[in-house]
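Quick notes on the structure that follows.
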There are 2 protein chains.
Amino acid sequence: MKQGTRKQQIVNVAARLFKERGYSAVTMRDIATAMGIKASSLYNHISSKQDILTNIIIFLAEEFTNGMEAIRVSNISNIEKLNQIIELHVNITIQNTFEMASLNNDWMHLEERLEYYLKLRDDYEDNFREIIVEGMSNNEIVNGNPEVMLFSILSTLRSLYLWIPKKEDLKPEELSKNLINVLINGVKA
Amino acid sequence: MKQGTRKQQIVNVAARLFKERGYSAVTMRDIATAMGIKASSLYNHISSKQDILTNIIIFLAEEFTNGMEAIRVSNISNIEKLNQIIELHVNITIQNTFEMASLNNDWMHLEERLEYYLKLRDDYEDNFREIIVEGMSNNEIVNGNPEVMLFSILSTLRSLYLWIPKKEDLKPEELSKNLINVLINGVKA
DNA sequence: GTCTATAAGCAGATAGAC
DNA sequence: GTCTATCTGCTTATAGAC
């Protein structure tokens, strides 16, 4: 699905516009104009505007699900699992900066696939929470409120798409390392 | 402006709908129906849909600006300033959960007031960054990348509106305390 | 693969009655 | 303060020609 097909070109262009203005504010004419064609021509490659959104969001949600599953079953410490989750978000976000905006802000406009998306998201958060709770009982992670930790780390990772385009000088490995430092170790001297 | 006037009622109802579906996907008819009146009746109290959005966003942006200014000029350590910024976000978000969604996701739909909003936001981030940099040179804050610290803390604080409604059992003071723990001290044991 | 033409409905907003 | 009626333009999507 991640080919250079005409459909994928349309999805890529749409994702860029969706990031700038949101799904609802972008029209089929906007997408067509950005591609240099007429709106009606889009329908030779996609079946509806909804079809575009579904492609963007479900692809990404499954990427995260697959990445989390690999981390979950691996035989490493829970702190190391947190590090790998951070790397997972950095890598996916760098490869899909525009698409991440739709995943974060336009998922509620999904129709047929809304429930499926919500299930993937819930499962992802459950797996994430489990790592934190296990790390806490292992004394790898400091005692505290696991919900606040989960929310705090995940909020930062989900917002990366807003920030990565502005810091193109920072290499992925460097960014992951810095994020791990801040999110895992805090900022206090 | 925060009175129980008809205009304020409209803005409040609109903010709730904007949080659920975003500014562009909510119609004047939606807002009117939620108030039990007809769309044309709204125009006796507001001049346009844009007028509603501007009211929501500029009010909040100025709340944050005023809060930051009070913290900036106060004679306390930089770590203590960070703590107070966290409390500022918790308090404003609890009082304006719906409105925070528009501030985060619909600011790009501002028209006349877009530049003004962007200036307030930039100044806010500059003040925040300055506290981190000063804290670092004072050895209150660990040496590291100040941009990553700023982005990481701010992302969490800006996402609070998504999370606070689900955790109504958690008191504001308790939430601030937990957030300070995680954001300032990290999660590692 | 793209076009023109067009359908059918919905958007924000105004005029004027009550 | 709310209503009905209405305007103008834009929305997603389809049919059929090239």
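FYI, side chains are in, hydrogens and waters are out, and symmetry mates aren't considered; it's all heavy atoms of this structure. Letters go in sequence order (proteins before strands), and every chain restarts at 1.
Ser40(B) comes within 4.0 angstrom of a base, heavy atoms only.
Screening residues 30-55 of chain B for salt bridge (Lys or Arg N to Asp or Glu O under 4.0 Å) gives Lys7(B)-Asp51(B), Arg21(B)-Asp30(B) as the qualifying pairs, with residues at least two apart or on separate chains. Applying the side chain to side chain donor-acceptor pair (under 3.5 Å) definition to pairs two or more places apart or across chains, those involving residues 56-75 of chain A are Glu62(A)-Tyr116(A), Glu69(A)-Arg72(A).
Rounded to whole angstrom, the span from the CD1 atom of Ile10(B) across to the P atom of dA13(C) amounts to 13 Å. Protein atom CD1 of Ile46(B) is 7 Å distant from nucleotide atom P of dA13(C), rounded to whole Å. Look at CD on Gln50(A): it is 15 Å from C1' on dT11(D), rounded to the nearest Å. The distance between atom NE2 of His45(B) and atom P of dG12(C), rounded to the nearest whole Å, is 17 Å. Between the CD atom of Glu111(A) and the C1' atom of dA13(D) there is a distance of 14 Å, given to the nearest Å. At whole-Å resolution of the value, NE2 in His109(B) and P in dA11(C) are 16 Å apart. The CD1 atom of Ile37(B) sits 14 Å away from the C1' atom of dT4(D) (whole-angstrom rounding).
Ring orientation note: the planes of Phe64(A) and His89(A) are tilted relative to one another, at an angle of 30° to 60°.
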Show the distances under 3.5 angstrom between N or O atoms of the protein and N or O atoms of nucleotides 16-18 of chain C.
none

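The salt bridge (charged side-chain N to carboxylate O under 4.0 Å, His left out) test applied to Glu125(B) returns Arg158(B), not counting sequence neighbours. Listed by chain and residue number, nothing satisfies the side-chain hydrogen bond (donor to acceptor under 3.5 Å, both in side chains) test with Glu20(B) (two or more places apart in sequence, or in another chain). For Tyr23(A), the side-chain hydrogen bond (donor to acceptor under 3.5 Å, both in side chains) criterion is met by no residue, not counting sequence neighbours. With sequence neighbours excluded, the residues satisfying salt bridge (charged side-chain N to carboxylate O under 4.0 Å, His left out) with Lys119(A) are Asp123(A). Remark: Phe98(B) pairs with no residue by the ring-ring contact (aromatic ring centres under 6.0 Å, His included) rule, at least two apart or across chains.
Close to dC3(C), at under 4.0 Å from its OP1 or OP2, lies a side-chain N or O of Ser41(A). Side-chain N/O atoms of Lys49(B) include one lying less than 4.0 angstrom from OP1 or OP2 on dG12(C).
Of all the residues in residues 16-28 of chain B, not one reaches under 4.0 Å from DNA chain D with any non-hydrogen atom.
Between dG1(D), dG1(C), dT4(C), one nucleotide has an atom nearer to the side chain of Lys38(A) than all others, and that is dT4(C). Out of dC3(D), dT14(D), dT14(C), the shortest distance to the side chain of Tyr43(A) is found at dT14(D).
We find that Arg129(A) and Glu147(A) are joined by a salt bridge, their nearest charged nitrogen and carboxylate oxygen being less than 4.0 Å apart.
Nucleotides of DNA chain C nearest to Arg29(A) and Arg29(B) differ in position, and the one nearer the 5' end is that of Arg29(A).
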